[in-house]
Structure formats: structure tokens, C-alpha cells
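Below: one structure, written as C-alpha cells.
Along the sequence shown, residues are numbered consecutively beginning with 1. Remember, it's a predicted structure, so these values are computed and weren't measured experimentally.
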Amino acid sequence: MNIHPYTWIITVVVLLGVLLVDAFIIGRRPHVPSTKECLRYIGLYVGLALIFGLGIWYFSGVQYSLQFYSGWLTEYSLSLDNLFIFLIIMEKQKVPRESQQFALLIGIMLSLLLRGIFIALGKVVIEEFAWVFFLFGVWVLKAAWGVISDFLRKDEQSEKQGGDSALMKFIKARVPTTNAFDGDRILVRGDDGRRRFTLILFTIVALGTTDVMFALDSIPAIFSLTVEPYIVFTANVFALMGLRQLYFVLGSLLEKLYFLPVGLTVLLTFIGIKLVLHAMHHYGWDAKLGFNGEISIVLSLCIIVGILGLTAIASLIKTRRNPALGS
């Protein structure tokens, strides 16, 4: 894709503007969003993503449009797994419901900034060293094994994920705090006149850094579908845009997606194999072995949609037969 610098600037300004407007609205009216409100925003963001993909189709062609839709669906589905950890973090730190929206939004904006850095570095590395696709493939396959391992020992993993990370312990030991929440305020003045941070700061840091750890798996995954940094970046932004609303809508429904970890494992395994095959095709190893290692973007999109659809159907059947799993 030939993306003009002005296009980059306009895209970044508009997308970040949407997030900032969202933050301003929340800042003016902290509240627990209703399901209707969340669904309205999710519909808006999904609609914008679909329109954006059509815009790419119009200006750059169907191939790049399909790459965007595949990347967006992949990032969106992988983001669902983040919500399990977000729920644990919120419960562990006892974040008031009316403060969770603000914490989620700022944490997501922080992770978006760090993801942008990862995407830029990933593009540079890929252009210089094609063999890095082998490493990406192995990394994603390792992530797939991690997802299914966590699923098989869910209780143990939940306890582990709920604890403070080394970074959080480091910050808590050195930053003066009030040891309480105060709405969506990050900094307040104490009785002694000194400014102190509220506990929401640690929640924001925990959410942002946790999401970045997930990005170490999802960004290599999307590079298997496209190496265009513009598509990688916008697909990540649109996936993160709806994450806050999904948190409140799916918070009680995620348990009903019983086979989500299994579906994500299959999805990551497919992507890991695709990365390895792409690297083999680059060096001509697949031709020497008598096959074509490149998987078309159309087939990739069909496989991704099929995996997600089967995961949802299997989960629905499982929870209907055993309602206790979804409670």
C-alpha cells in the first residue's frame, strides 16, 4: 500500500479523537454503563470498522480490504481473552463499578501507544530479516499452547493472574498513594497538603501492561495476515475501541463461551503454521518440497470466521446441556 503521510496523520488524529471524546464524556459523567448503552457503542465501532474496510477496498483494492477484515477479526477475537484477565484485575483491586470505565479506557489508550511502537519495530524487522517469520510462528504456537494450558488449569491460572506483577510491586513501593479510589481522579491532595495518587493509577497500569503482554502474541499473529503497517495499526485500534464496552456486556457472559480458549488455540495454531509456511515460501523451501506454502487471504478469512463460528456454536451447545458452566 502507498499510504501518504497526510493519510497517516488524518487516520491517527481521527481515531485518537474518537477515544478522547469517549474519555471526555466518561470524565464528565462517571457511571456504570447499561447493556443498551454498551451495545449501541459496540454497534457504532463495528459499523465504523466495516465502513473503514470498504474504504480500503475503494482506494486500495479488495485484497487489502480482506487483509484488514481478517486482521480486525483476529485481534477482536484474541481481545476477548483479555477480558478474563481484566475481570480478575478489577476484582483483585476492588475497583468501584463507576470507576471501571475510566480505568479501562485509559489503560486501553496506554496499550494502544505501546502497540504502535511494537508495530513500527515489527515492520522494520520484517523488512530487514524475513527469517523472523519463523520466530513469529514459533512464538504464536507457544502462545497457543499457553492458552490451552491455562484452560486446562483455569483455577490455578486465575489465582496467578490475579496477583501483582513485578512492575506493579515496584510502582506501589515507590509511589505515594491514598490507598483508596476517588471516582476517576488519578491525583488528589491529601490532608497534609501533599499530592498523592489514587489506586486507580495502579489499575490503569495493570490493564495497560497486561494488554501489551497479549499484544506480544496478537501482533505477530496479524503479521501473518498482512505486513502493511497501516492495516496492522488500524485493525488493532478498531479492535481495542470496542473492548471497554465488551467488558461490561460480556462480563457475565464470557463464562458461557466455554470453548473460547479452545477456539483461540486452534486460531493461534493456524496462524503460527501460516507464519512458518510464509517464511518457507519466501526462501523457496516449499517449492523444493513440492507444495505452495502461501495461504490466500480469502482462505485465511474463511478459516478465521469458521473457527470463531464453531467455537460459539459448540459453547452454546455445551452451556445449554450443562447450565452450571455459564453461571
Joint hydrophobic cluster, [X] plus [Y], side-chain heavy atoms closer than 4.5 Å:
X      : Y      : value
Val276 : Trp285 : yes
Ile10  : Leu16  : no
Leu310 : Leu308 : no
Met241 : Val13  : no
Val18  : Leu39  : yes

I would like to know whether Arg195 and Val188 meet side chain to side chain contact (heavy atoms under 4.5 Å, CB included); could you show each step before the answer?
CA-CA 6 Å; Arg195 290 189 176 275; Val188 296; over 6 Å; no
If you define the side chain from C-beta out and look only at heavy atoms, does anything of [X] sit under 4.5 Å from [Y]?
X      : Y      : answer
Asp286 : Leu277 : no
Leu187 : Arg196 : no
Ile148 : Trp145 : yes
Phe291 : Met280 : yes
Ile231 : Gln67  : yes
Phe270 : Ile295 : yes

Quick one: does [X]'s side chain have a donor or acceptor within less than 3.5 Å of a partner on [Y]'s backbone?
X      : Y      : value
Thr74  : Ile222 : no
Ser315 : Phe259 : yes
Tyr69  : Leu54  : yes

Between [atom1] on residue [X] and [atom2] on residue [Y], distance to nearest 0.5 Å:
X      : Y      : atom1 : atom2 : result
Leu225 : Leu73  : CG    : CG    : 10.0 Å
Thr7   : Met1   : OG1   : CE    : 9.0 Å
Lys142 : Ser149 : NZ    : OG    : 9.5 Å
Ile307 : Thr269 : CD1   : OG1   : 8.5 Å
Ser60  : Ile3   : OG    : CD1   : 5.0 Å
Tyr6   : Ile9   : OH    : CD1   : 7.0 Å

How close do [X] and [Y] get, heavy atom to heavy atom, and via which atoms?
X      : Y      : result
Ala235 : Gly71  : CB-C, 3.9 Å
Leu141 : Leu268 : CD2-O, 4.5 Å
Lys274 : Ser300 : CE-OG, 2.9 Å
Phe233 : Ile119 : CA-CD1, 3.8 Å

Relative to each other, are the rings of Tyr230 and Trp8 parallel, tilted or perpendicular (30° and 60° limits)?
perpendicular
Is there a ring-ring contact (aromatic ring centres under 6.0 Å, His included) between Tyr45 and Trp72 once you walk through the steps?
CA-CA 12 Å; Tyr45 290 140; Trp72 172 59; over 10 Å; no
Aromatic contact between Phe68 and Phe52, with the criterion being ring centroids under 6.0 Å apart: yes or no?
yes
